[in-house]
Amino acid sequence: MEGFGLPARGRLGYTGRHERAPRPCLSSMSSIVHIIGAGMAGLACATELVGRGGRRVVLHEAAVQAGGRCRSYHDDVLGRMIDNGNHLILGANPALFHYLDTIGARARLTCPAAAIFPFVDLRTGERWTVRPNRGRLPWWIFAPSRRIPGTIWSDYLSGLRLAFAPKSATVASALRGARRPIVERLFEPLTVAVLNTSIEEGAAALLWPVMRLTFGAGEAACRPYFARQGLGPDLVQPGIAYLKSQGAEVRLGVRLRRLEFDQNSVRALDFGNDNFALGQDDYLVLAVPPSVAADLVPGLKAPLETRAIVNAHYLLNEPVTLPEDSGLLGVVGGTAQWIFARGHVVSVTVSAADALAERSADDIAALIWTDVAIALDRRNEPMPPHRVVKEKRATFAQTPAMLGLRAPTQGHHANLLFAGDWTDTGLPATIEGAVHSGQKAARHLLSRPRPH
Ligand SMILES: Cc1cc2nc3c(=O)[nH]c(=O)nc-3n(C[C@H](O)[C@H](O)[C@H](O)COP(=O)(O)OP(=O)(O)OC[C@H]3O[C@@H](n4cnc5c(N)ncnc54)[C@H](O)[C@@H]3O)c2cc1C
């Protein structure tokens, strides 16, 4: 409890197990916002709140590092820093760019000169590049050189059906009757990448906002952005540094075990070794995954079904450049789905990968390398050193049924807010969704009357 304005005991009569002498009254003038979880949602909430509205921010994180599902670590096999998984960021991610501007880290992202998406079909060997044009009018669909082989311009209009699909519709059901090439080569890879759920199960209502905000907004919105050094160094650590510079308290390696409630508010937080009583102006933001939130808050409905993402990283002998310097390569007709490259490391993502994640890491590495060898024209090369990362609960299953279980920012308890990619943002479970949820919770708090 180092660094807190008031000791655990004394606020609401709750007795912390570790008693401390009361601190001077300076910070007793301010309210404290406790944020649980230093993933992107918690970081975004904290950076939005810190130093504003007379509130002090304390960020508590169970792991010894921040970042949650968006993190980097040093890998011994590859001998370098890698991300737990490739994270595609798009020009149409305003919440994330706002977060980066707040912490002064926008320049840590890099992007190609234009939004170009090269693809390869492993079954036929065909290669093509999708090139959305500048401006809102999508004339690229009329240019055969910019669109997908086997498609005609009217195929792309079938995407509009997502806009009018009922809440219960899946992407596949909304697109029923659309021609195969456009489904297999555009809508299916897009659904799996964005929703981490198969096209047969993924919610049409959740894919539509992404289509509208990217392809519906022109080239700049579709442009992919990449962390230059990695998710940790570029998105997470600058956020933590900013918070500390603004006087926020960041506690790593502390797991919230239990909440104590009175009738309509949270009274205290139990971390096992220390406890915090909440004063009348204090707030709690739970920015933890849905399963954790559901355990902590009795009766909370949350989307608990999950889908896996598997990433395979390969260390090559030389730096790798992908076609057209695009930074990524889409793959259809194999196990691999998206290939990314950073320096000597080629990283491959497979989303909606629950079945794949059940296989051994060696099997997965070999299976994916077969695809990479074809896609990058390295057929005769032996499989290089590799690391497979399985994230079995990468996101919630973004099906129509699960959408109805997303929690609102404000729940039933007056001083308890929720953030996280699984809350009801109207966006898919992505970095953008997570950051948006954190900023939404912060705005919610800032709109409340100033503390006493
Ligand atoms: C492999 C992979 C690839 C992905 N690819 C993309 C992509 O390409 N583009 C994209 O935009 N998104 C992608 N995502 C999704 C994105 O990473 C998540 O949507 C986002 O990071 C979720 O952030 P969050 O803050 O909501 O949750 P989390 O990151 O899960 O953060 C929750 C935090 O709470 C902490 N916590 C849990 N329980 C407790 C407790 N009791 N006490 C204290 N702390 C606790 C956790 O340790 C964690 O740090 C990917 C995810 C994965 C796993």
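All ligand and atom numbering here is 1-based and tracks the order in the structure. Nothing here was measured: the structure is a model prediction, and the numbers come from that model.
- By the neighbour-count criterion of 12 heavy atoms within 6.0 Å, atom CZ of Arg127 is densely surrounded, having more than that number from other residues, nucleotides or ligands.
- Between the side chain of Asp421 and the backbone N or O of Gly433 there is no donor-acceptor pair closer than 3.5 Å.
- The nearest protein atom to atom 21 (O) of ligand 1, hydrogens excluded, is given as Cys70 CB, 3.6 Å; this is a heavy-atom distance.
- Residue contacts with ligand 1 for Ala287 involve N, CA, C or O but no side-chain atom from C-beta outward (heavy atoms, distance under 4.0 Å).
- With 3.5 Å as the limit, one finds a donor-acceptor pair spanning the side chains of Asn311 and Asn86.
- For ligand 1 and Arg255, the ligand atoms under 4.0 Å from any heavy atom of the residue are 38 (N), 40 (C), 41 (N), 42 (N).
- For atom 34 (O) of ligand 1, the nearest protein heavy atom (residue, atom name, distance) is Gly37 CA, 3.3 Å.
- Ring-plane geometry between His34 and Phe276 is classed as tilted, the angle between the planes lying from 30 to 60 degrees on a 0 to 90 degree scale.
- For the pair Asp421 and ligand 1, the shortest N or O to N or O distance falls below 3.5 Å.
- Among the atoms of Ala62, some N or O lies under 3.5 angstrom from an N or O of ligand 1.
- Each of Asp75, Asp362, Val346 was compared with His386 under the side chain to side chain contact (heavy atoms under 4.5 Å, CB included) criterion, and only Asp362 meets it.
- Checking only distances, Met40 does come within under 3.5 Å of ligand 1, N or O to N or O.
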Quiz prompt | Derivation of the side-chain hydrogen bond (donor to acceptor under 3.5 Å, both in side chains) call for Asp282 and Ser31 | solution = CA-CA 5 Å; Asp282 294 349; Ser31 82; 4.7 Å; no
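- The residue from Thr395, Leu195, Asn196, Thr191 that alone fulfils the side chain to side chain contact (heavy atoms under 4.5 Å, CB included) condition with Pro428 is Leu195.
- A cation-pi arrangement, defined by a distance under 6.0 Å to the six-membered ring centre and an angle within 45 degrees of its axis, is absent between Arg378 and Tyr314.
- Of the protein's non-hydrogen atoms, Arg69 N, 2.8 Å is the one closest to atom 29 (O) of ligand 1.
- Of all the heavy atoms of Ile89, none lies under 4.0 Å from any atom of ligand 1, so neither backbone nor side chain is involved.
- The nearest heavy-atom contact from the protein to atom 25 (O) of ligand 1 is Ala41 N, 2.9 Å.
- Here the shortest heavy-atom distance to atom 9 (N) of ligand 1, taken over Asn196, Leu88, Thr430, belongs to Leu88.
- No N or O atom of Thr395 sits closer than 3.5 Å to an N or O atom of ligand 1.
- By the 4.0 Å N-to-carboxylate-O rule, Asp101 lies close enough to Arg106 to be salt-bridged with it.
- The distance criterion of under 3.5 Å between nitrogen or oxygen atoms is met by His87 with respect to ligand 1.
- Side chains of Tyr283 and Arg448: a donor on one and an acceptor on the other come within 3.5 Å.
- Every N/O-N/O distance between Leu296 and ligand 1 stays at or above 3.5 Å.
- The single protein non-hydrogen atom nearest to atom 12 (N) of ligand 1 is Ile431 N, 3.3 Å, given as residue, atom name and distance.
- Considering backbone and side-chain N/O atoms, Gly420 never comes within less than 3.5 Å of an N/O atom of ligand 1.
- Between the side chains of Arg251 and His60, at least one donor N or O lies within less than 3.5 Å of an accepting N or O.
- Protein heavy atom in closest approach to atom 42 (N) of ligand 1: Leu256 N, 2.9 Å.
- Of all the atoms in ligand 1, the ones that sit under 4.0 Å from a non-hydrogen atom of Gly68 are 29 (O), 48 (C), 49 (O).
- Taking each of Gln65, Glu391, Glu61, His60 in turn, the one with a heavy atom nearest to atom 33 (C) of ligand 1 proves to be Glu61.
- The shortest heavy-atom distance from Ser437 to ligand 1 is not under 4.0 Å.
- Under the 3.5 Å distance criterion, with hydrogens and angles disregarded, a donor-acceptor pair is assigned to the side chains of Thr129 and Glu324.
- Of the protein's non-hydrogen atoms, Val292 CG1, 3.5 Å is the one closest to atom 38 (N) of ligand 1.
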Practice problem: Apply ring-ring contact (aromatic ring centres under 6.0 Å, His included) to the pair Tyr225 and Phe97, showing each step before the final yes or no. | Solution: CA-CA 11 Å; Tyr225 284 76; Phe97 284 104; 5.0 Å; yes
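- Atom 39 (C) of ligand 1 has Val288 CG1, 3.7 Å as its closest protein atom, hydrogens excluded (heavy atom only).
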